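A note on names: the letters A, B, ... follow the listed sequences, proteins ahead of strands, and every chain is numbered from 1. This is a predicted model, so every value here is computed, not measured.
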2 protein chains.
Amino acid sequence: MLKITRKVEYALIALSQMQLKGNKSLTSVKEISQQNGIPYELLAKTMQLLARAEIVEAVKGPHGGYRLKKDPSIIKMTTFFEIIEGPMGFMDCSFDTDCDQIQSCAIRTPIQRINDSIRNMFNNISLQDITMLS
Amino acid sequence: MLKITRKVEYALIALSQMQLKGNKSLTSVKEISQQNGIPYELLAKTMQLLARAEIVEAVKGPHGGYRLKKDPSIIKMTTFFEIIEGPMGFMDCSFDTDCDQIQSCAIRTPIQRINDSIRNMFNNISLQDITMLS
DNA sequence: TTATATCCGACCTATTTAGTCCTAATTAAA
DNA sequence: TTTAATTAGGACTAAATAGGTCGGATATAA
(Lines give C-alpha, C1' and ligand atoms only; values in the text may rest on other atoms or scores of the structure.)
Protein backbone atom coordinates (compact mmCIF):
# COMPACT_ATOMS: atom_id res chain seq x y z
CA MET A 1 0.00 0.00 0.00
CA LEU A 2 0.97 3.64 -0.52
CA LYS A 3 3.50 2.59 -3.09
CA ILE A 4 4.34 4.32 -6.30
CA THR A 5 4.32 2.27 -9.48
CA ARG A 6 7.20 1.15 -11.66
CA LYS A 7 6.05 3.45 -14.41
CA VAL A 8 6.41 6.44 -12.11
CA GLU A 9 9.72 5.10 -10.88
CA TYR A 10 11.05 4.64 -14.41
CA ALA A 11 9.87 8.06 -15.48
CA LEU A 12 11.68 9.68 -12.57
CA ILE A 13 14.86 7.80 -13.35
CA ALA A 14 14.66 8.89 -16.98
CA LEU A 15 14.01 12.50 -16.12
CA SER A 16 16.80 12.73 -13.61
CA GLN A 17 19.23 11.34 -16.16
CA MET A 18 18.00 13.78 -18.77
CA GLN A 19 18.51 16.64 -16.36
CA LEU A 20 22.09 15.51 -15.91
CA LYS A 21 22.74 15.77 -19.64
CA GLY A 22 21.17 19.20 -19.90
CA ASN A 23 18.05 20.12 -21.81
CA LYS A 24 19.66 20.41 -25.22
CA SER A 25 20.98 16.93 -25.83
CA LEU A 26 18.75 13.99 -26.67
CA THR A 27 18.39 10.81 -24.66
CA SER A 28 16.91 7.67 -26.18
CA VAL A 29 14.81 5.02 -24.49
CA LYS A 30 17.39 2.43 -25.42
CA GLU A 31 20.08 4.36 -23.61
CA ILE A 32 18.12 4.76 -20.40
CA SER A 33 16.80 1.22 -20.37
CA GLN A 34 20.22 -0.31 -20.90
CA GLN A 35 22.02 1.88 -18.38
CA ASN A 36 19.49 1.17 -15.66
CA GLY A 37 18.26 -2.31 -16.40
CA ILE A 38 14.74 -1.13 -17.10
CA PRO A 39 12.46 -3.05 -19.52
CA TYR A 40 12.63 -1.21 -22.82
CA GLU A 41 8.98 -1.47 -23.86
CA LEU A 42 7.60 -0.31 -20.56
CA LEU A 43 9.93 2.64 -20.38
CA ALA A 44 9.06 3.49 -23.98
CA LYS A 45 5.37 3.68 -23.20
CA THR A 46 6.06 5.77 -20.15
CA MET A 47 8.14 8.24 -22.13
CA GLN A 48 5.32 8.50 -24.64
CA LEU A 49 3.01 9.62 -21.86
CA LEU A 50 5.48 12.32 -20.91
CA ALA A 51 5.75 13.40 -24.52
CA ARG A 52 1.97 13.64 -24.96
CA ALA A 53 1.83 15.78 -21.84
CA GLU A 54 4.65 17.91 -23.25
CA ILE A 55 6.86 17.38 -20.24
CA VAL A 56 9.34 16.15 -22.76
CA GLU A 57 9.82 16.61 -26.48
CA ALA A 58 10.29 13.69 -28.84
CA VAL A 59 12.61 13.61 -31.85
CA LYS A 60 12.09 10.67 -34.16
CA GLY A 61 14.54 8.89 -36.37
CA PRO A 62 18.17 7.91 -36.00
CA HIS A 63 19.97 9.77 -33.24
CA GLY A 64 16.56 10.81 -32.00
CA GLY A 65 15.29 10.65 -28.46
CA TYR A 66 13.78 12.92 -25.87
CA ARG A 67 14.71 16.18 -24.29
CA LEU A 68 13.09 18.19 -21.53
CA LYS A 69 10.45 20.60 -22.71
CA LYS A 70 9.00 22.06 -19.51
CA ASP A 71 10.85 23.28 -16.48
CA PRO A 72 10.48 20.53 -13.86
CA SER A 73 10.27 23.09 -11.10
CA ILE A 74 6.86 24.29 -12.30
CA ILE A 75 5.34 20.81 -12.46
CA LYS A 76 3.55 19.59 -9.36
CA MET A 77 4.00 15.96 -8.40
CA THR A 78 0.22 15.52 -8.36
CA THR A 79 0.13 16.57 -12.01
CA PHE A 80 2.99 14.25 -12.80
CA PHE A 81 1.30 11.27 -11.15
CA GLU A 82 -1.88 11.97 -13.06
CA ILE A 83 -0.03 12.15 -16.36
CA ILE A 84 1.37 8.70 -15.79
CA GLU A 85 -1.37 6.89 -13.92
CA GLY A 86 -4.40 8.76 -15.21
CA PRO A 87 -6.66 11.00 -13.11
CA MET A 88 -8.50 8.01 -11.68
CA GLY A 89 -5.50 5.83 -10.92
CA PHE A 90 -4.48 7.93 -8.02
CA MET A 91 -6.17 8.01 -4.64
CA ASP A 92 -9.83 8.15 -5.51
CA CYS A 93 -12.31 7.36 -2.79
CA SER A 94 -13.56 3.82 -3.10
CA PHE A 95 -16.88 4.66 -1.53
CA ASP A 96 -17.91 7.09 -4.26
CA THR A 97 -20.62 4.84 -5.61
CA ASP A 98 -22.45 4.47 -2.29
CA CYS A 99 -22.26 8.13 -1.64
CA ASP A 100 -26.02 8.80 -1.88
CA GLN A 101 -26.40 7.08 1.44
CA ILE A 102 -25.94 9.32 4.43
CA GLN A 103 -24.12 6.57 6.33
CA SER A 104 -21.47 6.18 3.70
CA CYS A 105 -20.71 9.87 3.72
CA ALA A 106 -20.03 9.72 7.44
CA ILE A 107 -17.65 6.83 7.09
CA ARG A 108 -15.88 8.40 4.16
CA THR A 109 -14.31 11.04 6.36
CA PRO A 110 -11.21 9.21 7.64
CA ILE A 111 -10.22 8.08 4.19
CA GLN A 112 -10.85 11.54 2.82
CA ARG A 113 -8.51 12.96 5.41
CA ILE A 114 -5.72 10.62 4.44
CA ASN A 115 -6.17 11.25 0.76
CA ASP A 116 -6.33 14.98 1.29
CA SER A 117 -3.09 14.85 3.27
CA ILE A 118 -1.31 12.98 0.53
CA ARG A 119 -2.70 15.12 -2.25
CA ASN A 120 -1.90 18.29 -0.38
CA MET A 121 1.66 17.21 0.19
CA PHE A 122 2.30 16.35 -3.45
CA ASN A 123 0.69 19.59 -4.56
CA ASN A 124 3.51 21.32 -2.77
CA ILE A 125 6.34 19.23 -4.14
CA SER A 126 7.64 19.84 -7.65
CA LEU A 127 9.11 17.35 -10.07
CA GLN A 128 12.37 19.24 -9.68
CA ASP A 129 12.33 18.60 -5.92
CA ILE A 130 12.30 14.88 -6.63
CA THR A 131 14.60 14.57 -9.63
CA MET A 132 17.29 17.09 -8.70
CA LEU A 133 20.65 15.66 -7.82
CA SER A 134 21.89 17.64 -4.87
CA MET B 1 -1.21 3.84 -6.74
CA LEU B 2 -0.71 5.59 -3.40
CA LYS B 3 -3.93 4.10 -2.17
CA ILE B 4 -4.68 2.77 1.25
CA THR B 5 -6.13 -0.72 1.49
CA ARG B 6 -9.62 -1.80 2.46
CA LYS B 7 -8.32 -3.30 5.66
CA VAL B 8 -6.96 0.08 6.73
CA GLU B 9 -10.18 1.72 5.60
CA TYR B 10 -12.33 -0.70 7.57
CA ALA B 11 -10.17 -0.37 10.67
CA LEU B 12 -10.51 3.40 10.58
CA ILE B 13 -14.27 3.18 10.20
CA ALA B 14 -14.45 0.79 13.13
CA LEU B 15 -12.27 2.93 15.34
CA SER B 16 -14.13 6.14 14.60
CA GLN B 17 -17.40 4.45 15.50
CA MET B 18 -15.93 3.09 18.69
CA GLN B 19 -14.73 6.54 19.64
CA LEU B 20 -18.27 7.80 19.19
CA LYS B 21 -19.57 5.29 21.70
CA GLY B 22 -16.88 6.10 24.25
CA ASN B 23 -14.16 3.77 25.46
CA LYS B 24 -16.23 1.90 27.99
CA SER B 25 -18.92 0.32 25.89
CA LEU B 26 -18.26 -2.65 23.63
CA THR B 27 -18.74 -2.75 19.88
CA SER B 28 -18.99 -6.04 18.00
CA VAL B 29 -17.77 -6.84 14.52
CA LYS B 30 -21.31 -7.77 13.54
CA GLU B 31 -22.56 -4.34 14.52
CA ILE B 32 -19.92 -2.43 12.57
CA SER B 33 -20.13 -4.64 9.51
CA GLN B 34 -23.91 -4.39 9.30
CA GLN B 35 -24.09 -0.68 9.90
CA ASN B 36 -21.50 0.09 7.25
CA GLY B 37 -21.95 -2.66 4.70
CA ILE B 38 -18.48 -4.04 5.33
CA PRO B 39 -17.70 -7.76 4.78
CA TYR B 40 -17.90 -9.40 8.19
CA GLU B 41 -14.97 -11.80 7.89
CA LEU B 42 -12.55 -9.24 6.58
CA LEU B 43 -13.43 -6.74 9.27
CA ALA B 44 -13.14 -9.51 11.86
CA LYS B 45 -9.59 -10.31 10.84
CA THR B 46 -8.69 -6.65 10.83
CA MET B 47 -10.03 -6.17 14.34
CA GLN B 48 -7.97 -9.15 15.45
CA LEU B 49 -4.85 -7.35 14.25
CA LEU B 50 -5.78 -4.33 16.29
CA ALA B 51 -6.41 -6.53 19.32
CA ARG B 52 -3.04 -8.26 19.00
CA ALA B 53 -1.38 -4.86 18.84
CA GLU B 54 -3.37 -3.80 21.88
CA ILE B 55 -4.88 -0.83 20.16
CA VAL B 56 -8.15 -2.39 21.16
CA GLU B 57 -9.23 -4.86 23.81
CA ALA B 58 -11.32 -7.92 22.99
CA VAL B 59 -14.10 -9.36 25.13
CA LYS B 60 -15.32 -12.78 24.03
CA GLY B 61 -18.69 -14.38 24.41
CA PRO B 62 -22.25 -13.06 24.12
CA HIS B 63 -22.50 -9.28 24.35
CA GLY B 64 -18.76 -9.21 23.81
CA GLY B 65 -16.89 -7.07 21.35
CA TYR B 66 -14.08 -4.56 21.32
CA ARG B 67 -13.27 -1.40 23.17
CA LEU B 68 -10.42 1.08 22.79
CA LYS B 69 -7.37 0.25 24.84
CA LYS B 70 -4.80 2.87 23.83
CA ASP B 71 -5.32 6.56 23.37
CA PRO B 72 -5.49 7.13 19.60
CA SER B 73 -3.69 10.44 19.96
CA ILE B 74 -0.43 8.72 20.92
CA ILE B 75 -0.46 6.30 17.99
CA LYS B 76 1.34 7.41 14.84
CA MET B 77 -0.28 6.59 11.53
CA THR B 78 2.93 4.89 10.40
CA THR B 79 2.63 2.52 13.34
CA PHE B 80 -1.01 1.95 12.57
CA PHE B 81 -0.30 1.11 8.92
CA GLU B 82 2.40 -1.32 9.96
CA ILE B 83 0.08 -3.05 12.42
CA ILE B 84 -2.39 -3.71 9.65
CA GLU B 85 -0.22 -4.25 6.59
CA GLY B 86 2.93 -5.53 8.23
CA PRO B 87 6.28 -3.72 8.31
CA MET B 88 7.06 -4.75 4.73
CA GLY B 89 3.69 -4.02 3.19
CA PHE B 90 4.27 -0.35 3.27
CA MET B 91 6.54 1.59 0.96
CA ASP B 92 9.66 -0.52 0.81
CA CYS B 93 12.18 0.25 -1.89
CA SER B 94 11.85 -2.18 -4.76
CA PHE B 95 15.49 -1.83 -5.75
CA ASP B 96 16.83 -3.16 -2.49
CA THR B 97 18.12 -6.36 -4.03
CA ASP B 98 20.25 -4.58 -6.65
CA CYS B 99 21.68 -2.22 -4.15
CA ASP B 100 25.25 -3.51 -4.31
CA GLN B 101 25.58 -1.91 -7.68
CA ILE B 102 26.63 1.69 -7.61
CA GLN B 103 24.30 2.57 -10.50
CA SER B 104 21.24 1.33 -8.72
CA CYS B 105 22.00 3.39 -5.68
CA ALA B 106 22.08 6.51 -7.81
CA ILE B 107 18.72 5.77 -9.35
CA ARG B 108 17.16 4.95 -6.03
CA THR B 109 17.26 8.54 -4.94
CA PRO B 110 14.01 9.90 -6.44
CA ILE B 111 11.96 7.03 -5.07
CA GLN B 112 13.63 7.36 -1.71
CA ARG B 113 12.64 11.00 -1.62
CA ILE B 114 9.01 10.22 -2.28
CA ASN B 115 8.90 7.44 0.28
CA ASP B 116 10.63 9.60 2.84
CA SER B 117 8.09 12.36 2.30
CA ILE B 118 5.19 10.01 2.82
CA ARG B 119 6.69 8.31 5.83
CA ASN B 120 7.64 11.61 7.37
CA MET B 121 4.14 12.96 6.94
CA PHE B 122 2.45 9.96 8.55
CA ASN B 123 4.95 10.01 11.40
CA ASN B 124 3.49 13.37 12.28
CA ILE B 125 -0.16 12.43 12.03
CA SER B 126 -1.85 10.50 14.85
CA LEU B 127 -4.66 8.01 14.62
CA GLN B 128 -6.76 10.51 16.52
CA ASP B 129 -6.15 13.14 13.81
CA ILE B 130 -7.74 10.78 11.30
CA THR B 131 -10.56 9.23 13.28
CA MET B 132 -11.78 12.23 15.26
CA LEU B 133 -15.16 13.61 14.31
CA SER B 134 -14.85 17.37 14.43
C1' DT C 1 16.35 2.52 -49.32
C1' DT C 2 17.63 1.23 -44.85
C1' DA C 3 18.37 1.53 -40.08
C1' DT C 4 16.98 3.76 -35.98
C1' DA C 5 13.95 6.12 -33.47
C1' DT C 6 9.23 7.24 -31.43
C1' DC C 7 4.15 5.86 -31.32
C1' DC C 8 0.37 3.02 -29.85
C1' DG C 9 -2.91 -0.50 -29.01
C1' DA C 10 -3.73 -5.26 -27.78
C1' DC C 11 -2.40 -8.82 -25.07
C1' DC C 12 -0.49 -11.88 -21.42
C1' DT C 13 1.46 -12.74 -16.74
C1' DA C 14 2.56 -11.95 -12.02
C1' DT C 15 1.59 -9.87 -7.80
C1' DT C 16 -1.24 -7.88 -4.57
C1' DT C 17 -5.56 -7.08 -2.50
C1' DA C 18 -10.17 -8.46 -1.26
C1' DG C 19 -13.14 -11.64 0.22
C1' DT C 20 -14.80 -16.44 1.80
C1' DC C 21 -14.88 -20.68 4.42
C1' DC C 22 -14.18 -23.56 8.14
C1' DT C 23 -12.98 -24.81 12.62
C1' DA C 24 -11.48 -23.58 17.27
C1' DA C 25 -11.80 -21.25 21.95
C1' DT C 26 -14.23 -18.51 25.24
C1' DT C 27 -18.06 -17.10 27.95
C1' DA C 28 -22.78 -15.17 29.34
C1' DA C 29 -27.08 -16.81 30.06
C1' DA C 30 -30.99 -20.01 29.76
C1' DT D 1 -24.57 -28.10 31.57
C1' DT D 2 -26.04 -26.91 27.22
C1' DT D 3 -26.60 -23.29 23.83
C1' DA D 4 -25.84 -19.19 21.37
C1' DA D 5 -22.89 -15.34 20.57
C1' DT D 6 -18.71 -13.73 20.22
C1' DT D 7 -13.49 -13.39 19.13
C1' DA D 8 -9.24 -16.16 17.03
C1' DG D 9 -7.00 -17.66 13.19
C1' DG D 10 -5.43 -20.52 9.21
C1' DA D 11 -6.35 -22.01 4.40
C1' DC D 12 -8.23 -20.98 0.35
C1' DT D 13 -10.39 -18.53 -3.88
C1' DA D 14 -11.52 -14.50 -6.62
C1' DA D 15 -10.86 -9.95 -8.29
C1' DA D 16 -8.16 -6.07 -9.29
C1' DT D 17 -3.98 -3.92 -10.30
C1' DA D 18 0.57 -3.61 -11.96
C1' DG D 19 4.27 -5.20 -14.78
C1' DG D 20 5.79 -6.68 -18.89
C1' DT D 21 5.62 -8.29 -23.98
C1' DC D 22 4.47 -8.24 -28.89
C1' DG D 23 3.39 -6.60 -33.43
C1' DG D 24 3.05 -3.26 -36.42
C1' DA D 25 2.83 1.94 -37.79
C1' DT D 26 5.09 6.39 -38.57
C1' DA D 27 8.91 9.53 -39.11
C1' DT D 28 13.55 10.76 -40.44
C1' DA D 29 18.69 10.94 -40.84
C1' DA D 30 22.14 8.95 -43.52
Side-chain angles (χ1 to χ4, degrees), chain A residues 1-11 13-14 18 25-34 36-67 69 81 84-86 88-92 94-95 97 111, chain B residues 1-11 13-14 18 25-34 36-67 69 81 84-86 88-92 94-95 97 111:
Chain A
M1 76 171 287
L2 291 177
K3 280 189 285 196
I4 60 170
T5 62
R6 296 285 178 152
K7 278 197 292 185
V8 168
E9 216 166 282
Y10 297 159
I13 290 167
M18 288 166 72
S25 64
L26 291 166
T27 311
S28 71
V29 170
K30 191 179 173 191
E31 198 180 327
I32 299 170
S33 82
Q34 286 181 346
N36 301 287
I38 294 174
Y40 177 90
E41 303 287 352
L42 190 50
L43 178 60
K45 277 206 297 194
T46 306
M47 292 309 293
Q48 286 161 26
L49 294 172
L50 297 182
R52 267 185 248 168
E54 301 189 301
I55 303 292
V56 115
E57 181 181 18
V59 175
K60 291 184 178 180
H63 308 109
Y66 295 96
R67 66 165 74 91
K69 189 168 182 186
F81 289 149
I84 293 177
E85 297 298 326
M88 301 312 173
F90 164 52
M91 290 191 325
D92 44 347
S94 35
F95 280 93
T97 43
I111 293 91
Chain B
M1 76 171 286
L2 290 178
K3 280 190 286 198
I4 60 171
T5 62
R6 296 285 179 154
K7 278 197 292 186
V8 167
E9 215 166 283
Y10 297 159
I13 290 167
M18 288 165 72
S25 65
L26 291 166
T27 311
S28 71
V29 170
K30 192 179 172 191
E31 198 180 328
I32 299 170
S33 83
Q34 286 181 345
N36 301 286
I38 293 174
Y40 177 89
E41 303 286 353
L42 190 50
L43 178 60
K45 278 205 297 192
T46 306
M47 292 309 293
Q48 286 161 25
L49 294 172
L50 296 182
R52 267 185 249 168
E54 300 189 302
I55 301 293
V56 115
E57 180 181 18
V59 175
K60 290 184 178 180
H63 309 108
Y66 295 95
R67 67 165 74 91
K69 190 168 182 185
F81 289 150
I84 294 177
E85 298 299 327
M88 301 312 173
F90 162 52
M91 291 190 325
D92 46 346
S94 35
F95 280 95
T97 44
I111 293 93

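- With D:dG19, C:dG9, D:dT7 as the candidates, the nucleotide lying closest to the side chain of A:Arg6 is D:dG19.
- Between B:Tyr40 and D:dT6 there is no side-chain N or O to OP1 or OP2 distance below 4.0 Å.
- For B:Thr5, counting side-chain heavy atoms from C-beta on, the closest listed nucleotide (D:dT21, C:dT17, D:dT7) is C:dT17.
- Candidate nucleotides D:dG10, C:dC7, D:dT7 were compared by shortest atom distance to the side chain of B:Ala58, and D:dT7 ranks first.
- Of the candidates D:dG20, C:dT6, D:dA18, the closest approach to any side-chain atom of A:Val29 belongs to C:dT6.
- Listed pair A:Tyr66 / C:dA5 fails the phosphate criterion, with no side-chain N or O lying under 4.0 Å from OP1 or OP2.
- The side chain of B:Leu42 sits closest to C:dG19 out of D:dA18, C:dT6, C:dG19.
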B/S/- along nucleotides 23-30 of chain D (protein heavy atoms under 4.0 Å) is ----SBB-

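- Taking side-chain N and O atoms only, A:Arg52 has a distance below 4.0 Å to OP1 or OP2 of C:dC8.
- A:Ser33 approaches A:Leu43 most closely through the heavy-atom pair N-CD2, 3.7 Å.
- Put simply, the side chain of B:Lys3 and the base of C:dT16 share no donor and acceptor less than 3.5 Å apart.
- When each of A:Leu26, A:Thr27, A:Val56, A:Ile55 is tested with A:Tyr66 by the rule side chain to side chain contact (heavy atoms under 4.5 Å, CB included), just one qualifies, namely A:Val56.
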Output side-chain donor-acceptor pairs under 3.5 Å for residues 46-53 of chain B, partner residues at least two apart or in another chain, one line each.
{"residue": "B:Thr46", "atom": "OG1", "partner": "B:Leu42", "partner atom": "O", "Å": "2.8"}

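- Among the atoms of the strands shown, only primed sugar atoms or phosphate atoms (P, OP1, OP2) are found under 4.0 Å from some heavy atom of B:Lys30.
- B:Ile84 places its CD1 atom 19 Å from the P atom of C:dT16, with the value rounded to the nearest Å.
- In this structure, B:Glu85 places its CD atom 14 Å from C1' of C:dT15, rounding to the nearest Å.
- Note: CD1 (B:Ile13) to P (C:dA18) measures 12 Å, nearest angstrom.
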